[in-house]
Amino acid sequence: MRYEPVIGLEIHAQLQTQTKAFCGCSTRFGASPNSQVCPVCLGLPGALPVLNHEAVDLALRAALALGCEVQPTSIFARKNYFYPDLPKGYQISQFERPIALGGGLRLTVDGAERWVGLTRIHMEEDAGKSLHEGFLDSERRTYLDFNRSGVPLIEIVTEPDMRTPAEGAEFFTRLRDVLVWIGVNDGNMEEGSLRCDANVSIRPAGRDAFGTKVEVKNLNSFRYLQKAIEFEIERQADVLDRGGRVLQETRLWDSSAGRTLSMRSKEEAHDYRYFPEPDLPPLVVGASRVEAVRASMPELPAARRVRFVDQYGLPDYDAGVLTQSASLAAYFERTVAACGNAKAASNWVMGELLRVLNERGEGIGEAAVSPESLGGLIQLIDRGTISSSIAKDVFARMHATGAAADAIVAAEGLAQIGDEAALRTVIDEVLAANGDAVAQYRAGKAATFGFLVGQVMKGTGGKANPKLANQLLRQALEQG
Ligand code: ADP
Ligand code: ZN
Ligand code: MG
């Protein structure tokens, strides 16, 4: 690589409140256009904003989860610009004094650890939505829906600490996990509750000074984020290779063309004429409030991952997979509580359970098999009642019928045959029917043993206790 990429992200996350940031209108997604509006969020003259303290608590939650320093005083400002989806003519946003500074996330990408620092987290309100499509006269008109205007957001700004497209995508993925885990955001990128802009520049390898950055907007999936960064790196390298200069500009990701397109240059950039919002007092957050929010926080994914390794003796890999979502981690812990075998629980949850759910496109919350039932199945294996291969069939039936493992095993007669006399009968039959293989084994061809074991398993419908079957078969062969 002749050039080293430098990447910083700006992420907007909707705070999961019932009502908007500065009025009592509902934030529910999908309501009919302009049904959740009032004089405040429509910017009618004389209407006054009142801060939603639930939104502040959620912003504090995000700040604490990301290790930021909460600022005792922060200030809302007016960011002025004209756009049809912004009826007030300004957006209320924290500017010079945001609610939190610093913090960051540790990532593991391709086996290497990287710390991505945060510059800041600030609170702001969302704008409305322009509807360019879907109406008979959409060719000529744009319609406006203000249901989203005034919905509370936080903007999370990272330091330019990432160096590859994969690191950018990994940061966004981990950040989404944390925000969803702590209940700050619903993680729904299709509905726009989580949006990411990527700042990308390149510099000749070995040089300290950063190159000119380009900001790419409209990245509403992990894949688009990665693709857009990849595209920008190539495009900028091409410009430099031809002796040109990268222009500082805002670009848009065009997902159908798989490329970025210029939206506006630095010269066309807005001057937002920020000034403090005169209708809102400074936001003062006392130490006791921060402590109350901290006390209400769930265990964070990184801490839970460490605990899973310590408490259950799991490999770090398992702990990482199981702590990717709060619901998966809870499912695992309930399974262990039910069966007492952590490694088996981990194998079943990461293996069969996730496989079946992925196949059906279902989430863990929709799993037909409860953690207690899965624990029951694991106990049957641990006690030697069924073999692990039969257990997979039992699991599939549990998933299809919702019945408990022991009920299925009893109803279908799937318990292992651990009865020596019964197994000997089958073994005698197998030996009588496979004279050639027996002769070969006795002549020193050890490999035929496996074949004979297979025949015994077949003769018992897979239900022979494998250890006992092996032992009895060997005895029978040796004796004959
Ligand atoms: P602006 O003034 O254009 O908003 P900031 O300095 O506030 O720029 O940074 C905005 C985002 O761009 C941050 O995420 C930051 O990490 C990132 N960034 C800043 N400089 C660069 C650069 N040279 N290359 C890539 N990203 C950058
Ligand atoms: Zn309103
Ligand atoms: Mg900036």
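Just so it is clear, the values below take in all heavy atoms, side chains as well, and ignore hydrogens, waters and symmetry mates. Predicted, not measured: the structure shown is a model, and the values here were computed from it. Both counts, for ligands and for their atoms, begin at 1 and track the order of listing.
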(request) Measure from atom 13 (C) of ligand 1 to every heavy atom in Ile156, Leu118, Thr158, Val246 and give the option owning the shortest one. (result) Thr158
(request) Ignoring hydrogens, just give me the one of Glu10, Met162, Lys213 whose non-hydrogen atom is nearest atom 20 (N) of ligand 1. (result) Lys213
(request) Could you check if a side-chain atom of Asp318 sits within less than 4.5 angstrom of a side-chain atom of Asn347, using non-hydrogen atoms only? (result) yes
Per-atom contacts of ligand 1 with [X], taking only distances under 4.0 Å to non-hydrogen atoms:
X	answer
Ser201	22 (C), 23 (N), 24 (N), 25 (C)
Gly211	23 (N)
Phe210	23 (N)
Gly8	14 (O), 16 (O), 26 (N)
Glu159	16 (O)

Can you label the angle between the [X] ring and the [Y] ring as parallel, tilted or perpendicular, going by 30° and 60°?
X	Y	result
Tyr272	Tyr81	perpendicular
Trp253	Tyr224	tilted
Phe308	Tyr312	perpendicular

(message) Are any of the N/O atoms on Pro160, whether in the backbone or the side chain, positioned under 3.5 angstrom from an N/O atom of ligand 1?
(response)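 Checking ligand 1 against Pro160, an N or O pair does fall under 3.5 Å apart.
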Which is it for [X] and ligand 1 at heavy atoms under 4.0 Å: side chain, backbone, both or neither?
X	result
Val157	side chain
Glu215	neither
Leu9	backbone

(message) Strictly below 4.0 Å, N to O, side chains only: are Arg264 and Glu249 in salt-bridge contact?
(response)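 Judged by the 4.0 Å cut-off on N to carboxylate O distance, Arg264 and Glu249 do not form a salt bridge.
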(request) Output all residues satisfying ring-ring contact (aromatic ring centres under 6.0 Å, His included) with Phe146, sequence neighbours left out; order by chain, then residue number. (result) none
(request) Only one of Arg304, Met297, Arg176 passes side-chain contact (heavy atoms from CB on, under 4.5 Å) with Trp181; say which it is. (result)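 The residue from Arg304, Met297, Arg176 that satisfies side-chain contact (heavy atoms from CB on, under 4.5 Å) with Trp181 turns out to be Arg304.
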(request) Return the set of protein N, O or S atoms whose distance to the Zn ion (ligand 2) is under 2.8 Å, each given as residue and atom. (result)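 You should have found Cys23 SG, Cys25 SG, Cys38 SG, Cys41 SG.
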(message) Distance alone, cut at 3.5 Å: any donor-acceptor contact between the side chains of Glu232 and Thr260?
(response)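 Their side chains do contain a donor-acceptor pair, which is all the 3.5 Å distance test asks for.
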(request) Quick one: closest heavy-atom pair of Ala338 and Pro371, and the distance? (result) CB-O, 4.3 Å
